[in-house]
2 protein chains.
Amino acid sequence: MKIAVFGASGTLGRAVVERLGQHHDIVTVGRNSGDYRADLTDIASVRAALAKIGPLDALIATAGQLHFGTLAETTPEQFQIGLNDKLLGQVNLVLVGQHVLNDGGSITLTSGIVSDEPIRYGSNATTVNAALDGFVSAAALELPRGLRINVVSPNVVVESWEGYGPYFAGYEPVPAARVALAYQRSVEGIQTGRVLRVW
Amino acid sequence: MKIAVFGASGTLGRAVVERLGQHHDIVTVGRNSGDYRADLTDIASVRAALAKIGPLDALIATAGQLHFGTLAETTPEQFQIGLNDKLLGQVNLVLVGQHVLNDGGSITLTSGIVSDEPIRYGSNATTVNAALDGFVSAAALELPRGLRINVVSPNVVVESWEGYGPYFAGYEPVPAARVALAYQRSVEGIQTGRVLRVW
C-alpha cells in the first residue's frame with residue numbers, strides 16, 4: 001500500500017513509519033520536514049500535498065498541539081489551540097482525504113488516553129481527544145467506497161516520558177513501537193469507527 | 001438558589017426555567033432576549049453579564065449552534081461552527097463561572113444523544129457533543145470550592161420534532177419537560193462530572 005504519514009517526524013510518527021515501512025510504501029509529510037510539506041491546520045496545504053502525492057491507500061495523522069494548564073487560568077484563546085490544531089487539523093485531513101483515497105482505503109487519526117482518564121492541567125486534552133474519538137464514530141458511517149476510519153488512543157509513550165511524565169503519575173508508559181502496532185491494525189485490518197486504545 | 005439560564009428562550013431553556021422557577025430565583029440570559037444579554041461565544045459579554053447579575057448558585061447553558069451536513073461537503077469553516085459556538089461557547093461559561101459562583105455551586109451544560117448515536121449529517125454534532133461530555137469529566141476534577149459540573153445529553157425533544165425529526169428516524173423524542181428534570185437533578189443533586197442522559 002501507499003501510505004502518507006502526517007506528523008512523521010514526531011515520536012509516534014517515527015515509530016509508525018518504522019513499523020509500516022517494512023511492508024508498505026511510506027510518504028512522510030510534515031510542517032517543516034518530510035517528503036512533502038503541509039500544515040494540517042491549513043486545509044489548502046493539505047489539499048496541495050495530497051494532489052502532489054497522488055493516489056493513496058492510507059492516511060495517518062500523528063500530529064496535533066494541545067494546551068496544558070489549569071482550568072482556573074485557561075483562556076478561550078488557549079482552549080482554541082487544541083480545537084484548531086489537534087482536532088480541526090485532523091478533521092481537515094479527513095475532509096480532504098475522503099475524496100482522494102483509493103477505494104477501500106483508510107484514515108487513522110490520533111487521540112490519547114486522557115479522553116477517558118483526565119489528568120491535571122488536561123481539560124483541553126480530554127476535550128479534544130474525546131471529540132476525536134466521537135468524530136471517528138460518526139465519520140465512519142458516512143465514508144463512501146469502503147473507506148474506513150479509526151483513531152489510535154495511546155497512553156503516554158516511553159519516549160516522551162521525560163517531558164510528560166510529571167502529568168502522568170502512576171500511568172504505565174508504553175513504547176512508541178507498541179503504539180505503532182495499533183496504526184498497523186487500523187491500516188491492514190477491517191475495523192472502522194473504532195477507538196484503538198493502547199494502554 | 002439563584003440560577004442563571006443562558007439560552008433561556010430556546011425550547012430546552014424555557015422548559016428548564018419553568019421547572020426550576022417553581023423553587024428557585026431564575027435569571028434569564030440570551031443573545032437577543034432575557035433579563036440580561038450575553039453571547040456565549042464572546043467571553044467578555046459573559047463576564048459582563050455575570051458581573052451585573054452578582055452572586056449565583058448555579059449556571060445553566062442550553063444554547064449552542066452546530067453544523068448539519070454531509071461529511072463529503074463539509075468545510076473547515078462549517079465544522080468550526082459547532083466548535084466555536086456550542087463547544088467553546090459553553091466552555092467560556094465555565095471559564096468565567098468557576099470564578100463567580102458561590103461555594104458549592106454548580107454548572108450544567110448541554111450536549112446531546114448524537115455523541116453516542118451518530119446520525120446522518122451529524123459528524124459535527126457528534127464531535128461537539130462528545131467533546132462536551134469529555135470536557136465535563138475533566139473540569140469536574142479541577143473545580144475548586146465544592147463546585148460541581150454536569151452535562152445533560154438529551155434525545156431529540158418532542159417540541160423540536162418538526163424541524164429535527166427527519167434526522168432522527170426511529171428515535172423516540174422526549175418532552176422538553178422531561179429533559180428539564182435532568183437539569184434539576186444536576187442543580188439540586190450531588191453528582192459531578194456526569195453525563196446525564198435523557199433518552
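Throughout, protein chains are lettered first and strands after them, A, B, ... in sequence-line order, and every chain is numbered starting at 1. It should be emphasised that the depicted structure is a prediction, and the values quoted were computed from it without experimental measurement.
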- Query: Just wondering, are more than 12 heavy atoms of other shown residues or ligands nearer than 6.0 Å to CD in B/Glu188?
  - Reply: yes
- Among B/Glu117, B/His99, B/Gln98, which has the most heavy-atom pairs under 4.5 Å with chain A? B/Gln98
- Student check: side-chain heavy atoms of B/Arg120 and A/Leu141 closer than 4.5 Å: no
- Is there a path of hydrophobic side-chain contacts, each under 4.5 Å between heavy atoms of I, L, V, M, F, W or Y residues, that connects B/Ile26 with B/Leu50? no
- For B/Phe168, look at atom CZ and say whether over 12 heavy atoms of other residues, nucleotides or ligands are found less than 6.0 Å away. yes
- The interface call for B/Ala125 against chain A, heavy-atom contacts under 4.5 Å, is neither
- Would you call B/Leu83 and A/Gln80 a side-chain contact if the rule is heavy atoms closer than 4.5 Å? no
- Query: How far does CG of B/Leu71 sit from CG of A/Leu147, to the nearest 0.5 angstrom?
  - Reply: 10.0 Å
- Checking B/Asp116 against chain A: side chain, backbone, both or neither under 4.5 Å from a heavy atom? neither
- Item | More than 12 heavy atoms from other groups under 6.0 Å of CZ on B/Phe68 | yes
- Item | Closest approach of A/Asn92 to B/Pro76 (non-hydrogen atoms, all atoms of both residues) | OD1-CG, 3.2 Å
- Task: Verify the cluster assignment for B/Ile113 and B/Val151: are they in a single hydrophobic cluster under the rule of side-chain heavy atoms below 4.5 Å apart?
- Result: yes
- Query: Given the rule that I, L, V, M, F, W and Y join up when any side-chain heavy atoms are under 4.5 Å apart, are B/Leu132 and B/Val156 in one cluster?
  - Reply: yes
- Query: Between B/Leu87 and A/Thr127, is any pair of side-chain heavy atoms under 4.5 Å apart?
  - Reply: yes
- Query: Got more than 12 heavy atoms from elsewhere within 6.0 Å of OH, A/Tyr171?
  - Reply: yes
- Task: Return yes when atom CD of A/Glu18 has more than 12 non-hydrogen atoms of other residues, nucleotides or ligands closer than 6.0 Å, and no otherwise.
- Result: no
- Query: Can you find a pair of side-chain heavy atoms, one from A/Thr75 and one from B/Leu95, that are under 4.5 Å apart?
  - Reply: no
- Task: With a 4.5 Å cut-off on heavy-atom pairs, point out which of A/Gly122, A/Ser115, A/Gly134 contacts chain B the most.
- Result: A/Gly134
- Message: Quick check for you: to the nearest 0.5 Å, what is the distance between B/Asp133 atom CG and A/Asp133 atom CG?
- Response: 12.0 Å
- Would the number of heavy atoms belonging to other residues, nucleotides or ligands and lying under 6.0 Å from CD of A/Glu73 be above 12? no
- Note on the structure: When rounded to the nearest 0.5 Å, the distance separating CD of B/Glu142 from OG1 of A/Thr74 is 7.0 Å
- Task: Return the minimal non-hydrogen interatomic distance between A/Ala131 and B/Ala131, and the atom names on each side.
- Result: CB-CB, 3.6 Å
- Message: Given heavy-atom pairs under 4.5 angstrom as the criterion, report whether the side chain, backbone, both or neither of B/Ile43 touches chain A.
- Response: side chain
